[in-house]
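Quick note on labels: first sequence line is chain A, next is B, and so on, each numbered from 1. Fair warning: this is a prediction, and the values are worked out from it, not measured in the lab.
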2 protein chains.
Amino acid sequence: MAQAPSGSVLAKPSACCEIERQAWRLNEDAGLSERTTHATVDDVAALAGVSTATVSRCLNAPERVIPATREKVMAAIRKLNYTPNFGARALASRKTGIIGAVVPTLENAVFAHGIEAFEQALPPGKFALLIASSGYDPQREREQIEALVARGASGLMLVGFDRDPTVYEWLGHRRVPYVLAWASGDSQPHAGFDNEAGIAQMVGLVLELGHTDIAMISGMTEGNDRARGRLEGARRELARAGLEFRGVAEVPYGIETGARAFEKLIASHPVTAVICGNDVLAAGALRAAHRMGLRVPEDVTITGFDDIDIASITYPELTTVRVPHRRMGSEAARLLQQLIDGKEGQSVQLPTRVVARGTHAPPRRKDLPASA
Amino acid sequence: MAQAPSGSVLAKPSACCEIERQAWRLNEDAGLSERTTHATVDDVAALAGVSTATVSRCLNAPERVIPATREKVMAAIRKLNYTPNFGARALASRKTGIIGAVVPTLENAVFAHGIEAFEQALPPGKFALLIASSGYDPQREREQIEALVARGASGLMLVGFDRDPTVYEWLGHRRVPYVLAWASGDSQPHAGFDNEAGIAQMVGLVLELGHTDIAMISGMTEGNDRARGRLEGARRELARAGLEFRGVAEVPYGIETGARAFEKLIASHPVTAVICGNDVLAAGALRAAHRMGLRVPEDVTITGFDDIDIASITYPELTTVRVPHRRMGSEAARLLQQLIDGKEGQSVQLPTRVVARGTHAPPRRKDLPASA
DNA sequence: TTGTAGGCGTTATCAG
DNA sequence: CTGATAACGCCTACAA
């Protein structure tokens, strides 16, 4: 009988031009079928000649066991290849060591990086991270939250502040601690930054350059406080200078959508600068500009927000607003752990700053070529 | 006493220029302190006037309970705001509904997208996804695998084939089903594509254009079968044409490392084409080329691999190898579920193809300017 | 320092 | 279709 480590080949269809497939199955105890069940504390205790309590202590509080017996126990554990049963342990100890996180999507680098930092900031071995994505859908987010809690999450990391109040009530009733990342304000525990202040800095820069005909490509603002904060912050800063946008497009996240929005905006408004709600939209706008034969920044200024990797590989490199996403992820992890431990935790508001690269310049003097 | 939904403000230091912090704590039952414990099946059963068995059935096999009693039970559940205890459920049913995944890092868009697709392909509500990242460190990956299994993962998704055989033995012994994503070969259940074939297509294109002085910027090959497959595949294709690389740099994943490698390669070898192991390295190379004043593709051809988003926002847009990362993620999810269910599953090998965009061209005739 | 024994909240196997 | 009741595997006072 086949003895492959974990499975056995059932069939291998001849290689086809398109997609090759091959059948697999978890093998059903091909060889030794004596003990199909796993070792338990009792087995370990018996083999080591101690009580189950001692075995448990060796695992959870080694210092409370004398080295000699501890050695015996550990040897038995190794020999039996014993691993504590997760369910039993969770049931008895009333803790799972699982933390949940719901993000809109990991396809947005901002969240992927933040989550990565979040995960790395969790004490290794002490916590594991359960991740779900909502696709920016509030209803789905709610289901995901409930699913994670149902799977034993003893703490949650959520993105942004905007959500139905009943979600917070539910969480409060269940006594599930949570942290809002990429959020600001002070009505909830959070780790974030000020979107309005960040975009205001950028708009300030554009205004200083002398632009007056400005448009904005914003992400979808519904249920997204980040996008809304940026749009509103930009409007406010413009208003302070007695101006308003010549055009505003609100589009879903994506390079293509950013490109389309740019084309439309340029076609219908005589703008010299386009403020984008994030780097991906800006990258799309930049690509559209290239394809339309517009020079950046000579003909048009384009700015981003987030400063993710792509901001430094566009050509010219993107002028954007730097946001410490990774730092935010780790701060969120720190805060959440403190909340879970019942300790006092600190919400934190991280600073942002404009990174001036190559996509901004003073507006083109429109009268020059015309009056020549 | 404060009655905030889930916490109460303890202190708010005056806003500082750098980082603002604010103290939080999960409030300790500020109001009603009657029942600090959660409702259990017994409570629900009592309130509904049925047995715990019936309550359990209502949750796990509603069709086995007549609508009348089911309604009573559901009403009691709602009223008590009852949620099954995860640990108890896992212990009794011997299943957690948790699937684990270990990836090198979510900061690599390839994995972020694949994982996102993997998660979405999991039946919602039936499974939750536990994620850990290894940082490309085999030792850490092993720890993460054990941690996920210890947290109740009943199936695993791992990246690539390269790892200590004892890991597979351990998994086999524990009877934990697993799927290798971004992997090929046929000794394990996998969902992937052929790195060697993919890169060979690209090298073929470059050779056809007439290049003979070619270099490669590869990702780190140790413990990374994807990078190694690409490097070896390229070497082999070159050898078929009687050529070999004029230079090879093996560098960690990143834009900066790609840029540095390109500078060094160009400085020490008279190459006309640089094959890159992935799009990020290629983007770095492209940026370096721009900064060095080299024209792409007139002066030098640069190619990538993966076709992630950034490939279409570089300037010129990147010629690369398209890999169906999302499709792979969902195929991996499908396969893993079948393995978990004890059913036969199909390994799958997805096709790749060259996407010819703007960074390739015939080599520059070096003798032309010199002989003029 | 170590052992004893009860309980954690569900599910599952039987009868009824 | 529903109800007792015995696992499920581990933790943790409490005793020794």
Side-chain angles (χ1 to χ4, degrees), chain A residues 35-77 80-98 126 149-154 174-175, chain B residues 35-74 76-77 80-98 126 149-152 154 174-175:
Chain A
R35 184 178 48 68
T36 178
T37 177
H38 278 186
T40 71
V41 265
D42 296 287
D43 301 326
V44 176
L47 180 59
V50 300
S51 74
T52 62
T54 300
V55 175
S56 177
R57 280 187 210 105
C58 282
L59 260 23
N60 306 303
E63 73 281 2
R64 297 179 57 77
V65 176
I66 200 170
T69 45
R70 196 195 307 165
E71 256 324 306
K72 279 192 305 186
V73 173
M74 296 315 273
I77 287 180
L80 261 31
N81 219 293
Y82 165 77
T83 315
N85 174 285
F86 175 66
R89 172 176 262 191
L91 176 57
S93 68
R94 321 187 126 284
K95 58 178 61 167
T96 59
I98 289 181
K126 195 161 169 235
V149 171
R151 288 288 182 294
S154 44
R174 284 265 176 328
R175 312 206 68 69
Chain B
R35 183 178 49 69
T36 179
T37 177
H38 277 187
T40 70
V41 264
D42 296 287
D43 301 326
V44 176
L47 180 58
V50 299
S51 74
T52 61
T54 300
V55 175
S56 178
R57 276 191 288 263
C58 282
L59 260 23
N60 305 303
E63 72 281 1
R64 299 178 55 78
V65 177
I66 65 174
T69 44
R70 195 196 309 165
E71 256 323 306
K72 280 193 305 185
V73 173
M74 295 316 273
I77 287 179
L80 260 31
N81 219 293
Y82 166 76
T83 316
N85 175 287
F86 175 66
R89 173 174 262 190
L91 176 56
S93 70
R94 319 187 125 283
K95 57 177 62 165
T96 58
I98 288 182
K126 194 161 170 235
V149 171
R151 288 289 182 294
S154 44
R174 284 265 176 327
R175 312 206 67 69

**Message:** Could you check whether atom CZ of B/R64 has more than 12 heavy atoms from other residues, nucleotides or ligands sitting under 6.0 Å from it?
**Reply:** no

**Prompt:** Say you draw a straight line from OG1 of B/T83 to NE2 of B/H38; how long is it, rounded to the nearest 0.5 Å?
**Reply:** 7.0 Å

**Request:** Would you mind classifying the nucleic acid contact of A/D42 as base, sugar-phosphate or nothing, using non-hydrogen atoms under 4.0 angstrom?
**Result:** nothing

**Item:** Reported CG-to-CZ distance for the pair A/L91 and B/R89, which is rounded to 0.5 angstrom
**Value:** 13.0 Å

**Prompt:** Starting at CG of A/N60 and ending at C1' of D/dA13, how long is that distance when rounded to a whole Å?
**Reply:** 15 Å

**Prompt:** Hey, are A/R174 and B/N81 close enough side-chain-wise for a donor-acceptor pair under 3.5 Å?
**Reply:** yes

**Complete:** 5'-most contact on DNA chain D (nearest-nucleotide basis), A/A53 vs B/R57, goes to B/R57

**Fill in**
Note: A/L59 and A/Y82 closest approach over all heavy atoms is CD2-CE2, 3.8 Å

**Request:** For B/V65, report the nucleic acid contact type (base, sugar-phosphate, nothing); a contact means any heavy atom under 4.0 Å.
**Result:** sugar-phosphate

**Message:** Need one value for A/S56: base, sugar-phosphate or nothing, where a base atom within 4.0 Å counts as base even if backbone is also close, heavy atoms only.
**Reply:** base

**Complete:** Nearest heavy-atom contact between A/D43 and A/T40 is OD2-N, 2.8 Å

**Asked** What is the 5' to 3' range of DNA chain C, first to last nucleotide, that sits under 4.0 Å from any heavy atom of chain B?
**Response** C/dG9 to C/dA12

**Request:** Whole angstrom is fine here: how far is it from CZ in B/F86 over to C1' in D/dC8?
**Result:** 14 Å

**Heavy-atom closest contact (A/A48 atom, A/A76 atom, distance)** = CB-CB, 3.9 Å

**Message:** How close do A/E63 and A/R70 get, counting heavy atoms only, and between which atoms?
**Reply:** CA-NH2, 4.4 Å

**Fill in**
Residues in residues 88-96 of chain B with a heavy atom under 4.0 Å of DNA chain D, by number, are B/L91, B/A92, B/R94

**Asked** What does B/Y82 touch in the nucleic acid at a heavy-atom separation under 4.0 angstrom: a base, only the sugar-phosphate, or nothing?
**Response** sugar-phosphate

**Distance, rounded to the nearest Å, where B/R64 contributes CZ and D/dT2 contributes C1'** = 10 Å

**Request:** Look at A/T40 and D/dG9 and indicate whether a side-chain polar atom (N or O) is within less than 4.0 Å of OP1 or OP2.
**Result:** no

